[in-house]
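Have a look at the structure below, then the notes.
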Amino acid sequence: MSMKDKMLQELDPLELRCLSLAARGRTREDITRETDISHDRIDEAFASAMRKLQAGNVAEAVFRAARMKLIS
């Protein structure tokens, strides 16, 4: 199994959506407003994605996800 396949299995749809929106310049507040998902749940999704991608912050998580072509 490739690293991309492993990450696609590990990252849930909300984590991928949040990373994808962040890659397009959306803030946590924008994502909360656009998705109608609570700010706390968005924060949890980012924290979980950062842990899974071994990233120190959201920007690094976005970079790693984009580099693995998990998001565009």
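Hydrogens, waters and symmetry mates play no part in the numbers below; they use all other heavy atoms, side chains included.
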*Could E29 and R33 be called an ion pair, given the rule that one side-chain N must be under 4.0 Å from one carboxylate O?*
no
*Using modelled atom types only, decide if a donor and an acceptor are shared between the side chain of S48 and the backbone of E44 within a distance under 3.5 Å.*
no
*Quick one: closest heavy-atom pair of A22 and V62, and the distance?*
CB-CG2, 3.8 Å
*Would you indicate whether the side-chain heavy atoms of E10 and E15 approach each other to under 4.5 Å?*
no
*Atom CZ of R67 with >12 non-hydrogen neighbours under 6.0 angstrom*: no
*Any I71 side-chain heavy atom under 4.5 Å of R17 side chain*: no
*Can you measure from OG1 (T27) to CD (E34) and round to the nearest 0.5 angstrom?*
8.5 Å
*Would you say R26's side chain and L21's backbone share a donor-acceptor pair under 3.5 angstrom?*
no
*Would you check if S72 and R24 make a side-chain contact, meaning some heavy-atom pair closer than 4.5 Å?*
yes
*Would you check, one step at a time, whether the test side-chain contact (heavy atoms from CB on, under 4.5 Å) holds for L70 with L19?*
CA-CA 9 Å; L70 301 174; L19 290 172; over 6 Å; no
*For L53 and A61, which heavy atoms make the closest approach, and how far apart are they?*
CD1-O, 3.5 Å
_Heavy-atom check, side chain of V58 versus side chain of R28, under 4.5 Å_ = yes
*Would you say I37 and T32 make side-chain contact, with heavy atoms under 4.5 Å?*
no
*Report the distance from atom CZ of R64 to atom CD of Q54, rounding to the nearest 0.5 Å.*
6.5 Å
*I31 and F46: which non-hydrogen atoms are nearest, and at how many Å?*
CD1-CZ, 3.7 Å
_Validation row: T35, L14 side chains within 4.5 angstrom (heavy atoms)_ = no
